[in-house]
Amino acid sequence: MNAAVTLYVPGDASACSLGADHVARAIEAEAIRRGRAVRIVRNGSRGLYWLEPLVEVATAAGRVAYGPVTPADVDKLLDAGMLEGGAHALRLGDISTHPYLASQQRLTGARLGVVDPTSLVDYVAHGGYVGLRNALAMQPLDIVRAVTDSGLRGRGGAAFPTGIKWQTVHDQKAAQKFITCNADEGDSGTFSDRMLMEGDPFSLIEGMTIAGIAVGATQGYIYLRIEYPHAARALAKALVVARAVGYLGDDILGSGKRFDIVVRLGAGAYICGEETSMLESLEGRRGEVRVRPPLPAIKGLFGQPTVVNNVVTLASVPVVLARGAQFYKDFGAGKSRGTIPLQLAGNVKHAGLVERAFGLTVKELVYDYGGGSATGRPVRAVQIGGPLGAYLPASEFDTPLEYEALSARDALLGHGGVVVFDDRVDMARMARYALEFCAVESCGKCTPCRIGSARGVELVDRIIAARAGGNGASGAHDSNLALLNELCDTMFNGSLCGLGGLTPYPVRSALRHFKEDFLSGARAHLPGARAPH
Ligand SMILES: Cc1cc2nc3c(=O)[nH]c(=O)nc-3n(C[C@H](O)[C@H](O)[C@H](O)COP(=O)(O)O)c2cc1C
Ligand code: SF4
């Protein structure tokens with residue numbers, strides 16, 4: 001039989017939802033029928049989702065991509081010589097030269113779509129574990145200092161400096177410390193954690209191991225939402241491999257240092273992404289926010305000093321240790337250093353993952369990468385930073401995507417999700433949606449959030465009813481709007497955690513930038529002018 005041709009068909013959840021499993025099976029079946037030997041690698045997605053399932057073939061001249069491929073295309077593709085990189089309408093050539101990818105600055109996601117996610121050989125061949133080897137040759141405090149000097153801030157949402165958090169845990173005297181990875185990824189329109197765990201799980205494992213060595217922790221936990229079964233499988237396989245060859249365990253690479261990781265599945269409540277709720281859930285209790293202080297860094301999991309970091313934060317650490325703090329810090333703008341994997345979703349032509357240094361503008365992201373709305377209608381708004389993030393109108397699309405610039409506009413970057421809406425969006429309904437989301441997901445511990453969000457939904461319902469009834473500018477209507485603003489003040493100032501405390505961001509930004517939607521019924525008559533439910 002002829003030598004096997006290697007093909008890459010993503011096993012990423014998004015690609016699979018678009019039929020990648022069927023495509024892989026069709027290629028295998030058709031190759032057997034033709035007497036051709038093929039080896040199919042289920043890689044992660046490159047993050048160009050409109051081209052998924054994106055199949056790549058390893059040819060003598062390099063990898064050649066085809067996409068989006070359906071099972072019905074497979075026969076014709078093989079006829080066209082796909083296994084040798086032959087010409088076909090779906091042929092995209094070397095996908096790494098595609099402008100969407102070539103213009104990115106992939107540091108954390110450099111291996112996404114490139115490697116076999118569960119092959120340690122592949123990981124090491126593509127620069128993996130250099131960071132850990134460097135870390136093992138350093139004093140723990142020097143590792144912490146490198147992370148501090150890199151300017152890395154938490155990518156889970158709060159953007160807290162990672163080095164300072166690690167320093168606090170390092171400085172605690174305790175018999176047991178923990179590294180916990182927050183892989184709950186509850187924000188709407190976000191998927192970078194998932195992509196990293198599915199497409200490059202060793203980068204997270206390496207980052208957690210470096211964190212453990214830096215702060216003196218020997219046990220790590222990955223808190224993963226149960227809706228991510230592909231990530232759970234990739235992590236489980238990678239953990240077995242890492243343990244088998246001594247990258248985890250009692251004597252990491254012969255250093256005498258000990259560290260291991262287990263995965264715990266969360267049932268998928270948004271509040272379990274809040275770090276103290278996550279710790280409660282990890283301890284086997286209902287996910288409910290803890291009062292702070294004490295901080296988790298001082299008294300966290302099982303009462304021990306605990307690092308809580310997001311997947312992207314931890315997966316960025318190997319880059320810092322492998323290439324140096326200054327290398328990482330040289331990317332970015334202002335106090336936002338390094339790169340951020342932005343996740344472009346919603347009503348946009350080219351949804352996907354865009355990793356760039358901080359500072360790319362909303363306009364560049366939505367138009368240069370996203371190609372505008374999928375419907376071809378004008379883009380009216382984007383929501384940045386998940387369900388608790390502010391809406392920005394088109395007039396503010398020159399805003400750079402970095403922490404301080406967004407904060408100056410009463411917005412936040414959160415986990416880097418950007419959801420696009422066209423001109424049919426009804427912003428009063430989006431404000432209602434934010435409050436309803438908060439009401440549904442509230443842990444119930446504090447009154448402003450538990451009661452305030454429910455009253456907020458009723459209030460917006462009254463505003464929408466008055467608007468539709470044509471008396472959208474009456475005295476009662478004005479007082480409802482004033483009351484809504486007051487309610488936002490109470491939730492913002494009085495909530496115990498970010499769920500209740502940040503819900504005012506989408507509500508207020510909708511009121512501020514799109515007031516006309518609250519005053520007249522015009523928008524409600526547009527086709528499709530509804531919030532998702
Ligand atoms: C309601 C709520 C939900 C959150 N969800 C997540 C989440 O899904 N993933 C995450 O990493 N951080 C989430 N966070 C932020 C965490 O509380 C915490 O700041 C983060 O995990 C710390 O890691 P980092 O410093 O690496 O960002 C959430 C915060 C709040 C208030
Ligand atoms: S703000 Fe909401 S989610 Fe947070 S502690 Fe209060 S009730 Fe719980």
Side-chain angles (χ1 to χ4, degrees), residues 108 147 152-166 168-169 179-194 196-197 204 207-208 211 221-225 227-228 266 268-282 286-292 295-297 300 306-317 338 340-341 343 385-389 403 412-417 434-435 437-454 456 490-505:
T108 311
V147 173
L152 178 65
R153 292 165 69 178
R155 303 291 194 246
F160 190 81
T162 306
I164 293 178
K165 191 180 280 186
W166 288 20
T168 308
V169 178
I179 306 298
T180 58
C181 170
N182 190 341
D184 197 53
E185 196 161 59
D187 281 0
S188 42
T190 64
F191 43 84
S192 58
D193 292 352
R194 179 182 61 70
L196 278 165
M197 291 183 287
L204 173 58
M208 289 181 73
Y221 288 88
I222 299 173
Y223 184 80
L224 178 68
R225 61 173 39 235
E227 291 99 326
Y228 281 180
Y270 185 70
I271 197 56
C272 287
E274 192 282 333
E275 59 184 9
T276 61
S277 289
M278 183 195 82
L279 295 175
E280 285 288 297
S281 181
L282 270 176
R286 178 175 183 266
E288 198 176 64
V289 173
R290 292 180 184 173
V291 177
R292 275 171 295 197
L295 293 169
T306 302
V307 167
V308 183
N309 272 140
N310 170 256
V311 174
V312 177
T313 315
L314 288 161
S316 300
V317 165
I340 170 102
Q343 301 123 86
L388 313 178
Y403 301 118
L412 36 95
L413 185 52
H415 184 45
L435 288 156
F437 179 83
C438 182
V440 170
E441 298 290 342
S442 170
C443 83
K445 187 151 181 162
C446 66
T447 316
C449 169
R450 186 183 70 246
I451 307 291
S453 54
T490 305
M491 290 178 72
F492 182 77
N493 293 312
S495 295
L496 188 56
C497 87
L499 179 48
L502 299 178
T503 294
Y505 272 79

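Along the sequence shown, the residues carry numbers beginning at 1. Whatever order the structure lists them in is the order used to number ligands and atoms, beginning at 1.
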| So, do M278 and T180 sit near enough that their side-chain heavy atoms are less than 4.5 Å apart? | yes
| query | Which atoms of ligand 2 are found less than 4.0 Å from any heavy atom of G500? | reply | 1 (S)
| query | How far is atom 27 (O) of ligand 1 from its nearest protein heavy atom, and which residue and atom name does that atom have? | reply | G156 N, 2.7 Å
| request: Looking only at distances, please establish whether an N/O atom of ligand 1 is found under 3.5 Å from an N/O atom of L499. | output: no
| said: When you measure from the heavy atoms of M278 to every atom of ligand 1, does any distance fall below 4.0 Å? | reply: no
| Do R290 and E280 have side chains that get closer than 4.5 Å, going by heavy atoms? | yes
| note | Taking only non-hydrogen atoms of I271 and a 4.0 Å limit, the atoms of ligand 2 in range are 3 (S)
| task | For R155, counting its heavy atoms only, list the atoms of ligand 1 lying under 4.0 Å from any of them. | result | 26 (O), 27 (O)
| query | At a non-hydrogen distance cut-off of under 4.0 Å, which region of E185 contacts ligand 1 (side chain, backbone, both, or neither)? | reply | backbone
| remark: Heavy-atom proximity to atom 14 (N) of ligand 1 ranks first, among G273, S316, G386, for G273
| Polar-atom distance check: Y270 versus ligand 1, any N or O pair below 3.5 Å? | no
| task | Please check if atom CZ in F160 has more than 12 non-hydrogen atoms from other residues, nucleotides or ligands closer than 6.0 Å. | result | yes
| message | Under 4.0 Å from a heavy atom of G186: which atoms of ligand 1 are those, numbered in the order shown and with their elements? | response | 8 (O)
| query | To the nearest 0.1 Å, how far is atom 6 (Fe) of ligand 2 from its closest protein heavy atom, and which atom is that? | reply | C446 SG, 2.2 Å
| task | Output the list of atoms in ligand 2 that are nearer than 4.0 Å to some heavy atom of K445, sorted by atom number. | result | 7 (S), 8 (Fe)
| message | Using a plain distance cutoff, I'd like to know if N182 has any nitrogen or oxygen under 3.5 Å from a nitrogen or oxygen of ligand 1. | response | yes
| Any idea which atoms of ligand 2 are less than 4.0 Å away from a heavy-atom of S495? | 1 (S)
| Spatial distance of atom CG (L196) from atom CZ (R155) [nearest 0.5 Å] | 11.5 Å
| Under the 3.5 angstrom rule, does the side chain of T276 hit a backbone N or O of V289 as a donor-acceptor pair? | no
| query | Which atoms of ligand 2 are found less than 4.0 Å from any heavy atom of L499? | reply | 3 (S)
| field | 2.8 Å cut-off met by an N, O or S atom of C497 to atom 6 (Fe) of ligand 2 | value | no
| remark: Quick note on ligand 2: atoms under 4.0 Å from a heavy atom of S442 include exactly 2 (Fe), 7 (S)
| query | With no hydrogens and no angle check, do the side chains of Q343 and S192 hold a donor and an acceptor under 3.5 Å apart? | reply | yes
| query | Under the side chain to side chain donor-acceptor pair (under 3.5 Å) criterion, do S316 and T108 qualify, and how do the steps go? | reply | CA-CA 5 Å; S316 300; T108 311; 2.9 Å; yes
| Side-chain donor or acceptor of R153 paired with backbone N/O of P161 under 3.5 Å | no
| field | Atoms of ligand 1, numbered as shown, that sit under 4.0 Å from any heavy atom of T313 | value | 24 (P), 26 (O)
| query | Below 4.5 Å, heavy atoms only, C-beta onward: do P341 and V312 meet side chain to side chain? | reply | yes
| task | List every atom of ligand 2 that sits less than 4.0 Å from any heavy atom of G444, numbering the atoms from 1 in the order shown and giving each element. | result | 7 (S), 8 (Fe)
| query | What residue and heavy atom of the protein are closest to atom 2 (Fe) of ligand 2, and at what distance? | reply | C449 SG, 2.3 Å
| message | Ring-plane angle category for F437 and Y270, please: parallel below 30°, perpendicular beyond 60°, tilted otherwise. | response | perpendicular
| said: Please evaluate residues E275 and R292 with respect to the criterion salt bridge (charged side-chain N to carboxylate O under 4.0 Å, His left out), reporting the C-alpha separation (whole Å), side-chain torsions for both, the decisive distance (0.1 Å), and the verdict. | reply: CA-CA 11 Å; E275 59 184 9; R292 275 171 295 197; 2.8 Å; yes
| Numbered atoms of ligand 1 (with element) below 4.0 Å of D184, judged on heavy atoms | 8 (O)
| said: If I take every N, O or S atom of C443, is at least one of them less than 2.8 Å from atom 2 (Fe) of ligand 2? | reply: no
| Min N/O separation A158 to ligand 1 under 3.5 Å | no
| field | Nearest heavy-atom neighbours spanning C443 and I271 | value | CB-CG1, 4.0 Å
| message | For atom 2 (C) of ligand 1, what is the closest protein heavy atom, and at what distance to 0.1 Å? | response | E274 CB, 3.8 Å
| request: Measure the distance from atom 17 (O) of ligand 1 to every protein heavy atom, then report the residue, atom name and distance (to 0.1 Å) of the closest one. | output: E275 N, 2.9 Å
| query | Under 3.5 Å, is there a donor-acceptor pair between the side chain of K445 and the main chain of L496? | reply | no
| In Å and rounded to the nearest 0.5 Å, what is the CG to CG distance from N309 to N182? | 9.0 Å
| request: Output the distance between atom SG (C449) and atom CD (E441), rounded to the nearest 0.5 Å. | output: 10.5 Å
| field | Under 4.0 Å to a heavy atom of N310 - the qualifying atoms of ligand 1, by number | value | 10 (C), 11 (O), 23 (O), 24 (P), 26 (O), 27 (O)
| request: Return the residue, atom name and 0.1 Å-rounded distance of the protein heavy atom closest to atom 25 (O) of ligand 1. | output: K165 NZ, 3.0 Å
| Side-chain touch M197/E185, heavy atoms, less than 4.5 angstrom | no
